[in-house]
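Presented below is the structure to which this report refers.
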Amino acid sequence: MPEGHTLFRLAQTLHEHFAEREVRVSSPQGRFVDAAALLDGTVLESASSYGKHLFTDFAEDRCVHVHLGLYGTFAVHEGAALPPVGQVRLRLVAPGGDGRPAAYGDLRGATACELIAPEERGRLLDRLGPDPLRPGSDWTRAWDRVSRSRAPVGGLLMDQAVLAGIGNVYRAEVLFRHRVDPLRPGNTLRRVTFEHLWHDLVELLADGVRVGRIVTVHPPRDDALVGRVQQADPQLLGRSPVFVYRRAGEPCFVCGAVVRTQELAGRNLFWCPRCQPRFRSRARAA
DNA sequence: GGCGCATGCTCAG
DNA sequence: TGAGCCTGCGCCC
């Protein structure tokens with residue numbers, strides 16, 4: 001489930017189990033063997049994430065960059081390593097000791113798993129917009145891009161150069177929560193709306209890190225924000241962790257209108273046509 | 001057990 | 001715009 005919260009949590013888990021230890025590194029599948037041989041037995045200094053990117057830093061400025069893509073997984077287990085199952089591209093094994101248990105981690109199905117130099121890492125980070133999970137991120141950098149673009153805000157939120165770490169679920173949910181039409185051009189959005197949207201993402205992603213999955217429906221806390229939640233069917237609401245994502249054809253929890261879906265740039269949008277009414281520009285109306 | 005789909009992104013054309 | 005990556009899940013049989 002790789003949106004930003006997944007990577008943030010994964011980096012924490014990897015750091016906890018492997019950081020500051022000499023780690024065995026291998027590539028049972030065979031596609032990362034040369035790099036694995038180079039790293040094997042060296043110290044993994046730290047693991048961190050930025051947006052949907054994962055960085056594991058080894059001694060001597062050697063960094064493994066991982067991007068899970070749509071269906072990559074990096075499963076971390078405590079205990080002695082079991083024989084690899086499936087296409088394990090990268091395996092990390094930490095010995096027990098220092099009061100910490102033995103552990104191993106298997107990476108499968110990732111879009112990217114590569115050894116990169118510090119300059120390359122810098123270039124990669126330069127291409128990313130602010131990450132709502134990183135303290136000190138400057139939302140006005142994202143706003144500069146959004147406010148200058150005629151592209152639909154639904155597309156802009158998913159653009160990692162605008163905002164780092166937002167995927168299809170958070171996009172659909174945050175737009176619903178702020179009653180913004182996903183097809184509305186970025187440059188027609190009000191600055192204050194985007195500011196609220198950003199602060200909401202900060203909170204939603206932090207929830208995702210804490211809970212380990214995406215939950216955007218928090219009935220008591222959200223009453224003020226969503227406004228009409230109290231009119232919704234609380235039983236129905238309580239059964240779903242999200243408002244609109246993948247709920248096409250079902251009734252909106254807030255107003256009862258049928259949730260709609262439409263493809264945008266190869267990804268499915270989900271929105272409520274009544275809570276998020278179609279934006280009409282003044283020029284068009286005149 | 002098989003099938004289709006998915007929280008993402010890159011590259012060819 | 002579409003193929004490719006090649007995992008995991010929910011759904012149907």
Side-chain angles (χ1 to χ4, degrees), chain A residues 1-11 13 27-32 49-55 64-77 82-91 104-114 116 120-121 123-129 131-133 151-152 154-177 182 200-201 204-217 239-250 259 261-271:
Chain A
M1 303 149 197
E3 293 197 31
H5 69 298
T6 305
L7 277 298
F8 191 92
R9 200 178 158 96
L10 175 58
T13 304
S27 180
Q29 176 214 44
R31 282 178 57 190
F32 193 60
S49 73
Y50 196 111
K52 298 171 188 170
H53 298 261
L54 174 74
F55 302 96
V64 177
H65 165 236
V66 170
H67 195 294
L68 295 178
L70 187 51
Y71 30 65
T73 59
F74 204 150
V76 176
H77 310 272
L82 298 173
V85 177
Q87 303 275 305
V88 176
R89 173 122 32 119
L90 167 66
R91 170 171 273 196
Y104 68 104
D106 286 343
L107 175 70
R108 298 183 185 81
T111 291
C113 173
E114 55 186 356
I116 58 169
E120 219 167 329
R121 181 208 191 116
R123 279 196 294 274
L124 208 154
L125 293 176
D126 285 345
R127 290 204 303 267
L128 298 175
D131 176 352
L133 274 175
L156 293 167
L157 290 185
M158 291 265 289
D159 183 343
Q160 302 300 299
V162 175
L163 276 175
I166 307 307
N168 207 3
V169 185
Y170 282 121
R171 156 179 79 177
E173 294 299 302
V174 82
L175 289 173
F176 174 85
R177 289 166 59 87
D200 202 25
L201 282 172
L204 291 173
L205 282 158
D207 287 340
V209 171
R210 200 169 48 245
V211 181
R213 63 200 180 91
I214 299 176
V215 178
T216 61
V217 177
R239 241 182 286 145
S240 175
V242 291
F243 284 104
V244 289
Y245 177 70
R246 287 250 261 170
R247 292 195 60 246
E250 295 174 40
V259 174
T261 185
Q262 176 186 319
E263 212 172 272
L264 175 71
R267 311 298 302 281
N268 293 318
L269 281 175
F270 300 90
W271 79 100

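Below, chains carry the letters A, B, ... as their sequence lines are ordered, and counting in each starts from 1. Everything numeric here is computed off the predicted structure, so don't read it as measured data.
Taking only side-chain atoms of A/Gln160, from C-beta outward, the nucleotide of B/dC9, B/dG8, C/dC5 with the closest atom is B/dC9. Among the nucleotides B/dA6, B/dC9, C/dT7, the one closest to any side-chain atom of A/Arg108 is C/dT7. Here the side chain of A/Val169 is nearest to one of C/dT7, C/dC6, B/dT7, namely B/dT7. Of the candidate nucleotides C/dC6, B/dC9, B/dA6, B/dA6 has the atom nearest to the side chain of A/Asn268. When each of B/dC5, C/dC6, C/dG8 is scored by its nearest atom to the side-chain atoms of A/Thr73, the top-ranked nucleotide is C/dG8. Of the candidate nucleotides B/dT7, B/dC9, C/dT7, B/dC9 has the atom lying nearest to any side-chain atom of A/Lys52.
The heavy-atom pair separating A/Phe8 from A/Ser49 by the smallest distance is CA-OG, 3.3 Å. Taking every heavy atom of both residues into account, A/Gln87 and A/Arg108 meet most closely at O-CG, 3.5 Å.
Going from atom CG of A/Leu68 over to atom C1' of C/dG4 covers 17 Å, rounded to whole Å. The CG atom of A/Asp106 sits 13 Å away from the C1' atom of C/dT7 (whole-angstrom rounding). Here the C1' atom of nucleotide C/dC6 and the NE2 atom of A/His67 are 17 Å apart, to the nearest Å. A straight line from CG of A/Asn168 to P of B/dC9 spans 11 Å, rounded to a whole angstrom. When rounded to the nearest whole Å, the span between CZ of A/Phe270 and P of B/dA6 equals 7 Å. At whole-Å resolution of the value, CZ in A/Arg247 and P in B/dT7 are 16 Å apart. As rounded to whole Å, 21 Å separates atom P of B/dT7 from atom CG of A/Asp207. What separates CG of A/Leu70 from P of B/dG8 is a distance of 7 Å, to the nearest Å.
Between A/Phe55 and A/His53, the ring planes are parallel. Angles under 30° get that label, and only those over 60° would be called perpendicular.
Here the separation of B/dC5 from C/dG2, taken at their P atoms, is 15 Å to the nearest Å. Taking atom C1' in both B/dT7 and C/dT1, one finds a spacing of 22 Å when rounded to whole Å. Taking atom C1' on both nucleotides, B/dT10 is separated from C/dG8 by 22 Å, rounded to a whole Å.
A/Val64 is listed as a side-chain neighbour of A/Phe32, based on a closest heavy-atom distance under 4.5 Å.
Between A/Tyr245 and A/Arg127, the one whose closest nucleotide on DNA chain B sits nearer the 5' end is A/Tyr245.
A salt bridge is absent between A/Asp126 and A/Arg123; no separation between the charged side-chain nitrogens and carboxylate oxygens falls under 4.0 Å.
Look at A/Arg89 and you won't find any side-chain N or O under 4.0 angstrom from OP1 or OP2 of C/dC5. Taking 4.0 angstrom as the limit, A/Arg246 places none of its side-chain polar atoms (N or O) nearer than this to OP1 or OP2 of B/dT7.
Among the heavy atoms of the strands lying under 4.0 Å from A/Thr111 is at least one base atom, whether or not backbone atoms are also near. Nucleic acid contact class of A/Arg171 (heavy atoms, under 4.0 Å, all strands): none. No contact: A/Tyr170 has no heavy atom under 4.0 Å from any strand.
Distance check, rounded to the nearest 0.5 Å: CG of A/Leu269 to CG of A/Leu175 gives 8.5 Å.
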